[in-house]
2 protein chains.
Amino acid sequence: MTANLLALKLQSFARLSDVDQLWLKEALGQSRQVAAHADLVDQGQDPHAVNVILDGWACRSRLLADGRRQIVALMLPGDLCDPHIFLLDRMDHTIGALTPLTVAQIPGPAFQSLVERSASLAYAFRREGLSAIAIQREWTVSLGRRSGIERLAHLFCELYWRLAAVGLTDGGSCPFPLTQNDLADVLGQTSVHINRTLQELRSMGLVALRGRRLTIHDQTGLAELAYFDPVYLHFTQKAGQ
Amino acid sequence: MTANLLALKLQSFARLSDVDQLWLKEALGQSRQVAAHADLVDQGQDPHAVNVILDGWACRSRLLADGRRQIVALMLPGDLCDPHIFLLDRMDHTIGALTPLTVAQIPGPAFQSLVERSASLAYAFRREGLSAIAIQREWTVSLGRRSGIERLAHLFCELYWRLAAVGLTDGGSCPFPLTQNDLADVLGQTSVHINRTLQELRSMGLVALRGRRLTIHDQTGLAELAYFDPVYLHFTQKAGQ
DNA sequence: CGGCTGGTTGATTGGTTTCAACAAGCGTGG
DNA sequence: CCACGCTTGTTGAAACCAATCAACCAGCCG
């Protein structure tokens with residue numbers, strides 16, 4: 001089951017045949033465990049391998065010289081930790097585990113033959129990349145033009161949709177392992193202020209966040225508050241049930 | 001000369017042979033003019049063509065329902081308006097001309113044969129894309145964690161470096177056609193505040209900005225203030241003078 | 001039990017927005 | 001040619017959102 005998360009995710013972008021899914025499964029190598037707060041990028045790794053998160057949450061983050069930290073991307077189960085990054089001579093940011101992680105790899109050659117054999121897989125992978133970039137753009141919009149409460153609401157919407165695409169939501173609620181400190185580093189604020197904003201969202205009856213689980217009580221209300229329009233995620237296909 | 005801007009830019013990413021440069025020049029089709037403030041994306045266009053800016057500045061921007069605007073990317077002479085975007089079913093943002101523009105196109109098939117014939121061109125194009133993404137990440141960092149004056153200083157540094165890569169700087173100064181309103185939409189602030197921040201940078205003796213031209217008086221001072229580290233641009237090759 | 005991490009609260013400070021007005025530059029039409 | 005309108009830049013005062021500093025509490029684990 002867990003190995004199919006990637007197929008599930010890619011099906012948001014293109015219809016995959018049974019053969020596609022079989023090939024995908026075969027291409028996935030051994031999975032490994034990464035401890036929370038550990039760095040995901042060990043130098044010794046195959047630079048052409050594609051890393052896939054099977055379980056847990058990771059992030060891409062940048063640290064300024066004086067200690068300020070900004071998380072620039074969140075990687076959820078089913079997400080790819082784009083490998084192209086390794087092509088760059090020097091890494092300009094860190095990929096770290098926010099929770100304990102299960103990560104699988106598709107070796108470089110296996111990935112190559114995958115996109116050569118299947119046009120729909122190639123298409124899906126490309127679209128996945130475009131979606132990731134679009135998410136990055138939308139974060140820029142949030143940080144630049146959305147108020148504190150709108151940002152938080154928007155992030156909740158986005159993460160809920162992304163988790164829904166891989167079947168990890170359950171009747172309006174989803175796992176949410178981020179601490180308020182993590183949220184602060186995602187949204188460019190302090191954890192103190194995240195705390196107060198969160199309370200406001202709660203008191204408005206829009207969400208609940210307890211025990212590492214997020215529950216959205218009023219989807220449309222939250223989306224309206226956040227100016228959330230899921231178009232940018234470019235999930236065109238319905239995820240298989 | 002103008003047609004070589006793209007070659008110049010790509011040489012920041014990979015060494016290009018004379019043949020590469022010749023092929024590149026041949027691949028470039030007719031250039032067209034776009035008026036300032038016009039939309040760059042006309043529906044009737046070849047969705048597989050690669051657009052290259054030969055002259056002028058353009059931007060990618062998102063408009064929120066209530067009128068707030070955020071510029072999520074700036075495209076300078078020599079830059080590609082990534083074509084993959086057109087693969088997406090619905091455009092989630094606008095590409096607009098900030099100044100009058102000269103744009104050339106590489107038709108889809110020509111681009112395809114280009115990257116097939118030359119490994120260095122393929123490499124350069126891929127690196128260019130990675131650089132664009134890294135810039136997007138750095139903007140996220142700026143908006144999230146840099147103060148107003150740091151943001152402005154950082155943007156100045158980035159644009160100066162990017163213009164230098166295509167030979168458009170001249171002894172510490174470069175063209176700078178953005179209005180304070182544009183700057184506000186880039187940096188997520190109001191033009192009023194941009195104005196005051198700008199005055200502070202001026203009074204610190206770091207920059208001058210007059211007549212659509214930016215002059216940086218103290219490069220290292222500006223970079224230190226901004227926590228600017230050009231690594232993220234990934235210009236590994238020196239641009240051929 | 002103590003120490004740690006993560007969450008909560010209050011008071012104060014400060015960076016930015018907002019609103020409003022005005023000056024300077026520029027193109028256009030009367 | 002000047003007047004007019006429009007865009008761009010500039011300034012001031014007030015209001016506001018979010019950061020800062022500083023406690024303190026709850027839960028968890030060794």
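Below, chain A is the first sequence line, B the second, and so on; all start at residue 1. Values reported hereafter were calculated over all heavy atoms of this structure, with side chains retained and with hydrogens, waters and symmetry mates removed. For clarity, every value in this text was computed on a predicted model and none was experimentally measured.
For B/Thr215 (side chain) and B/Ser173 (main-chain N/O), no donor-acceptor pair under 3.5 Å exists by modelled atom type. Judged by distance alone, the side chain of B/Arg137 and the main-chain N or O of B/Ala132 form no donor-acceptor pair under 3.5 Å. The closest donor-acceptor contact from the side chain of B/Thr99 to the backbone of B/Trp57 lies under 3.5 Å. At distances below 3.5 Å, not a single donor-acceptor pair connects side-chain atoms of A/Arg60 with backbone N or O atoms of A/Val72. Using modelled atom types, no side-chain atom of B/Gln70 and backbone atom of B/Ser61 make a donor-acceptor pair closer than 3.5 Å. Of the possible donor and acceptor atoms, one in the side chain of B/Arg146 sits under 3.5 Å from a partner among the backbone N and O of B/Ala226.
Listed by first and then second residue, the ring-ring contact (aromatic ring centres under 6.0 Å, His included) pairs involving residues 200-223 of chain A amount to none (not counting sequence neighbours). Applying the salt bridge (charged side-chain N to carboxylate O under 4.0 Å, His left out) test to every pair with at least one member in residues 153-180 of chain A, sequence neighbours left out, gives these pairs: A/Asp79-A/Arg162, A/Glu158-A/Arg162.
OP1 or OP2 of C/dT8 has at least one side-chain nitrogen or oxygen of A/Gln180 nearer than 4.0 Å. Within the 4.0 Å cut-off from OP1 or OP2 of C/dT16, not a single side-chain nitrogen or oxygen of B/Arg151 is found.
Nucleic acid contact class of B/Arg210 (heavy atoms, under 4.0 Å, all strands): none. Note on B/Gly188: only backbone sugar-phosphate atoms sit closer than 4.0 angstrom, heavy atoms only; bases stay farther off. Residue A/Arg145 is classed as having no contact, given no heavy-atom separation below 4.0 Å to the nucleic acid.
In the region residues 189-199 of chain A, proximity to DNA chain D at under 4.0 angstrom, judged on heavy atoms, holds for A/Gln189, A/Thr190, A/Val192, A/His193, A/Arg196. Within residues 61-75 of chain B, no residue approaches DNA chain D, by heavy-atom distance under 4.0 Å.
Taking the ring centre of B/Tyr227 as origin, the terminal cationic atom of A/Arg68 falls inside the region bounded by 6.0 Å and 45° from the ring axis.
Taking the 5' to 3' direction, DNA chain D first and last meets chain B under 4.0 angstrom from a heavy atom at D/dT8 to D/dA13.
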Before you tell me yes or no, could you show the steps for A/Phe156 and A/Phe176 under ring-ring contact (aromatic ring centres under 6.0 Å, His included), namely the whole-Å CA-CA distance, both residues' side-chain angles and the distance that decides it to 0.1 Å? CA-CA 9 Å; A/Phe156 285 159; A/Phe176 202 92; 5.3 Å; yes
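One atom, CZ of B/Arg212, and another, C1' of C/dG25, lie 11 Å apart when rounded to the nearest Å. With rounding to whole Å, A/Arg202 atom CZ is found 13 Å from C/dT9 atom C1'.
Ring geometry, A/Tyr232 versus A/His154: the interplanar angle falls under 30°, so the pair is classed parallel (tilted spans 30 to 60°).
For B/Asn51 and B/Arg32, the side-chain atoms include at least one donor-acceptor pair closer than 3.5 Å.
Terminal axes of the helix from C/dC1-D/dG30 to C/dG30-D/dC1 (five pairs each, C1' rotation axis) are separated by 30°, to the nearest 10°.
Between B/Leu198 and B/Arg202 there is a side-chain heavy-atom pair separated by less than 4.5 Å.
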